[in-house]
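Note that these values count all heavy atoms, side chains included, but never hydrogens, waters or copies made by symmetry.
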Amino acid sequence: MADTAPLPRPQGGPITSQLHRREPDYLAGLNPEQRDAVLTTEGPLLVLAGAGTGKTRVLTTRIAHMLNQRLAWGSQILAVTFTNKAASEMKKRIHEQVPSLDGLPWMGTFHSISARILRQHAELVDLKPTFTILDTDDQIRLIKQLLEAENIDEKRWPARQFAGMLDAWKNRGLLPKDVPAADSGYFANGKGGKLYYDYQARLKVLNAADFGDLLLECIRLFRENPEVLAEYHRKFKYMLVDEYQDSNTAQYLWLRLLAQGKPASEANICVVGDDDQSIYGWRGAEVDNILRFESDFPGAKVIKLERNYRSTANILKAASTVIAFNEGRLGKTLFTDVADAGEPISFTQVYDSEEEARLVGEEIEQYQRQGESLNSMAILVRASFQMRELEERFITLGLNYRVVGGPRFYERKEIRDALAYLRLVAQPADDLAFERIINVPKRGLGDSTVNMLTATARHQQVPLLSATRLMVETEDLKPKQRTTLRNLVAQFDNWAHRAESLPPYQLVEQILEESGYMDMLAADKSVESQGRKENLKELSRAMEEFETLGGFLEHISLVMDRDNADASDAVTIMTLHSAKGLEFNTVFLTGWEDGTFPSQRSMDESGRAGLEEERRLAYVGITRGRKRVRISAAQNRRIHGLWQSAIPSRFIDELPPDAVEVTDRGSAYGGYGYGGGAASRFNKADPFESVYETPGWQRARANQANRRGSGPLTIEGDLVARSVDLGNQSSSYALGDRVFHLKFGYGEIMSIEGNKLTIDFEKAGTKKVLESFISKG
DNA sequence: CCCCTGTTCGTTTTT
DNA sequence: CGAACAGGGG
């Protein structure tokens with residue numbers, strides 16, 4: 001292996017450059033702190049990188065520097081991230097900066113790197129190298145089975161809750177024997193601890209690991225097998241960790257073990273992060289890890305990156321002032337050299353959340369008229385229930401938007417079904433996959449048949465597929481089921497055989513066809529079936545780049561996100577959490593009301609720590625803006641169906657007054673002023689001015705008028721106008737499409753006559769409406 | 001076995 | 001108020 005071979009000295013070019021004291025090109029343009037962070041390769045290093053201070057550039061340049069100076073082979077560098085997105089971004093940049101690589105650095109998420117290590121030493125943690133990685137779905141089903149076996153009432157003790165506890169334990173690095181009695185005793189009247197043991201035992205039988213296990217079993221591997229750990233100590237000369245503030249205890253232990261090859265004060269470990277952007281405490285992240293780094297690694301060098309290249313001075317001032325209210329920070333203050341402070345932050349209080357949506361819509365259109373692209377604008381909300389009103393408003397306006405988040409591609413039912421087939425082909429012992437597809441499509445194999453198979457599997461201690469093989473040779477099954485199962489087993493054997501020679505993307509197509517899955521979708525007249533077929537095509541396309549089935553399955557279980565390659569110009573709507581790491585010229589921060597943001601629940605559950613995390617979220621939100629940040633709050637918002645009034649977020653009071661401009665859409669209803677009514681002077685002359693006269697509303701009306709022509713609003717008149725407008729163009733809707741209507745809500749198209757559509761609305765029943773009144777749902 | 005109805009519950013999300 | 005889910009009935 002190249003890892004241990006002596007490193008050649010840098011080639012001619014760099015040496016000459018050094019003699020002339022010319023720095024390598026890649027250092028050009030870095031500020032002194034960034035340069036320091038790149039060049040300090042030896043010993044522990046903590047880089048505190050504030051928002052927009054060029055963190056990613058430092059990380060990648062640092063790796064490029066190591067490779068360029070031949071400090072290490074590529075494969076001796078370990079770079080860890082939290083998300084696949086960050087990992088692939090890093091890979092891309094390294095490839096750009098270092099065209100010829102001697103061995104690829106290990107770049108990936110904690111989980112993918114752990115999986116890679118575990119596959120090499122699987123036997124040492126009672127797994128086979130081909131072990132399956134379970135997703136949340138499988139996990140829940142497995143837990144349900146255990147609950148049933150233990151006679152635990154699933155209503156009283158939901159599987160999801162236990163999954164959450166398991167996750168929390170694993171995040172804390174706790175094996176079943178390590179769980180404190182108080183913790184394990186809580187669930188199902190003391191059965192929690194036993195369930196954890198049972199769960200782990202079951203995973204071993206299934207030859208499977210869940211996400212938490214990837215880390216936990218890796219830790220166990222290192223602890224119980226010092227010689228294996230030593231191997232990695234020799235291997236990894238340099239370690240880098242991105243977003244260190246997001247690391248949880250298990251990840252921390254994992255890193256500590258890997259860094260133990262040298263005394264702590266000499267470990268070449270570089271962690272990059274920002275304690276002010278730690279927003280994942282609720283899922284186990286320990287800000288403490290970053291706060292403690294200097295004592296964990298004595299003599300660690302600390303470099304602060306505070307020079308911001310993203311936002312205006314006003315934005316930075318606002319963010320810095322708010323975050324300064326937190327205690328227990330390492331302390332950084334962002335600054336910029338740009339003289340112009342830029343627009344002040346705006347804060348607007350409106351009457352209710354509907355008006356907030358109108359306001360945002362209007363402002364977006366205004367900026368758009370000024371030549372800003374929709375892509376450069378984003379609305380960041382605390383929770384996704386806030387998105388709906390925005391979306392509805394934008395539909396009315398005909399404003400193109402994109403929602404980030406939501407259900408992911410690989411979590412869709414049809415994709416999971418297809419994956420289950422593939423898993424079972426690759427891994428005949430994958431019982432969870434077996435159970436998932438045994439009767440999908442319907443084969444007349446109901447609960448009773450499955451129960452018989454399960455019983456045999458238990459008895460014989462074999463996987464379900466093997467149990468099925470045995471059962472079809474006996475007289476225990478009804479003839480019909482026996483034939484069906486015999487054929488199914490034969491099919492799987494056949495597919496497994498083909499998997500050896502056929503590219504995975506062709507295999508999946510054949511499986512879906514031969515299993516009857518495609519026929520099932522074809523027979524399905526529901527709205528979704530067409531989309532499902534397309535998703536499956538997309539799956540096959542995504543598989544084209546994989547040569548082996550195993551390679552694809554590994555990728556899929558670790559990379560659950562789909563890359564949105566949406567080229568159209570659209571405003572982004574997303575949560576503050578998913579906005580971390582992104583930037584936009586204009587950022588709208590809506591719903592800044594106490595209770596919504598900061599979230600009441602956070603404060604109730606986690607007290608002061610909760611509030612501080614919310615404040616960091618505010619900091620993240622504000623620092624997403626390059627040119628302008630527009631904050632709003634509603635006096636009234638509908639929560640759980642009822643209207644509730646609220647006062648502006650306490651974070652509003654924490655904003656620096658001289659960087660903020662308060663405007664008020666004077667409401668006729670009085671309500672709460674800002675800062676004791678200081679904003680009242682901004683009230684409009686006529687407090688009763690109708691909101692329906694706002695530019696946005698007028699435009700919405702104009703849009704609708706354009707779409708339907710200027711004829712009378714009768715069916716007939718409209719029909720004529722439409723047919724003229726559209727010429728020969730046919731309806732852009734199809735039977736079964738899910739659509740949205742302003743008054744009637746969501747519905748499904750039952751029939752189409754010209755532009756007259758019969759729609760079955762979920763709420764309002766079946767109505768005939770004009771195409772121009774609906775939009776795609 | 002599927003559909004319908006009643007019930008429950010109501011941040012944030014990755015791997 | 002409305003989505004999601006479980007359980008019962010047809």
What about Thr109(A): does its side chain form a donor-acceptor pair under 3.5 Å with the base of dT15(B)? no

Shorter than 3.5 Å, N or O on both sides, protein versus nucleotides 6-10 of chain C: list them out with atom names.
| unit_1 | atom_1 | unit_2 | atom_2 | d |
| --- | --- | --- | --- | --- |
| dA6(C) | OP1 | Lys144(A) | NZ | 3.4 |

Are the side chain of Glu389(A) and the backbone N or O of Ala357(A) linked by a donor-acceptor pair below 3.5 Å? no

When the P atoms of dA3(C) and dT12(B) are considered, how many whole Å apart are they? 15 Å

Leu617(A) CG to dT13(B) C1', in whole Å, measures 12 Å

Expressed as a whole number of angstroms, how long is the span from Leu642(A):CG to dG2(C):P? 12 Å

The side chain of Arg388(A) lies closest to which of these nucleotides: dG10(B), dA3(C), dT12(B)? dA3(C)

Judged by modelled atom types alone, do Gln145(A) and Glu435(A) share a side-chain donor-acceptor pair under 3.5 Å? yes

For dT11(B), is chi within 90° of 0 (syn) or not (anti)? syn

Indicate whether the side chain of Asp274(A) and that of Gln277(A) have a donor and an acceptor atom separated by less than 3.5 Å. yes

Between Trp157(A) and Phe162(A), is the ring centre distance below 6.0 Å? no

So which nucleotide from dT11(B), dC1(C), dT12(B) ends up closest to the side chain of Ser599(A)? dT11(B)

Can you check the Asp604(A) CG to dT12(B) P distance for me, whole Å? 16 Å

Phe82(A) aromatic ring stacked with six-membered ring of dT15(B), 5.5 Å and 30°: no

Do the two ring centres, one from Trp282(A) and one from His577(A), sit under 6.0 Å apart? yes

Asn439(A) side chain near dC1(B) phosphate (N/O to OP1/OP2, under 4.0 Å): yes

Nearest to the Ser602(A) side chain among dT11(B), dT15(B), dT13(B), which nucleotide is it? dT11(B)

Would you say dT12(B) has OP1 or OP2 under 4.0 Å from some side-chain N or O of Ser384(A)? yes

Given the side-chain rings of Phe82(A) and His111(A), with only the six-membered ring counted for Trp, is the space between their centroids under 6.0 Å? no

Pick the closest DNA chain B nucleotide for Thr575(A) and for Lys442(A) by heavy atoms, then say which residue is nearer the 5' end. Lys442(A)

Using whole Å, report how far CD of Gln139(A) lies from C1' of dT13(B). 14 Å

dA6(C) versus dT11(B) - spacing of their C1' atoms, nearest Å: 24 Å

Side-chain donor-acceptor pair under 3.5 Å between Asn248(A) and Glu286(A), yes or no? no

From the options dT13(B), dT12(B), dT15(B), select the nucleotide whose nearest atom is closest to the side chain of Arg283(A). dT13(B)

Using the side-chain heavy atoms of Arg601(A), tell me which of these nucleotides is nearest: dT15(B), dG10(B), dT13(B). dG10(B)

Spacing of Glu605(A) atom CD relative to dT12(B) atom C1', expressed in whole Å: 11 Å

Starting at CD1 of Ile279(A) and ending at P of dT11(B), how long is that distance when rounded to a whole Å? 18 Å

Under 4.0 angstrom, heavy atoms only, what part of the nucleic acid is Glu243(A) near: base, sugar-phosphate, or nothing? nothing

In terms of side-chain heavy atoms of Ser578(A), which of dT11(B), dT13(B), dC1(C) is nearest? dT13(B)

Are the side chain of Glu614(A) and the backbone of Ser602(A) linked by a donor-acceptor contact shorter than 3.5 Å? no

In whole angstroms, how far is the P atom of dT12(B) from the CD atom of Gln277(A)? 20 Å

Rounding to an integer number of Å, can you tell me how far Leu216(A) CG sits from dT15(B) C1'? 14 Å

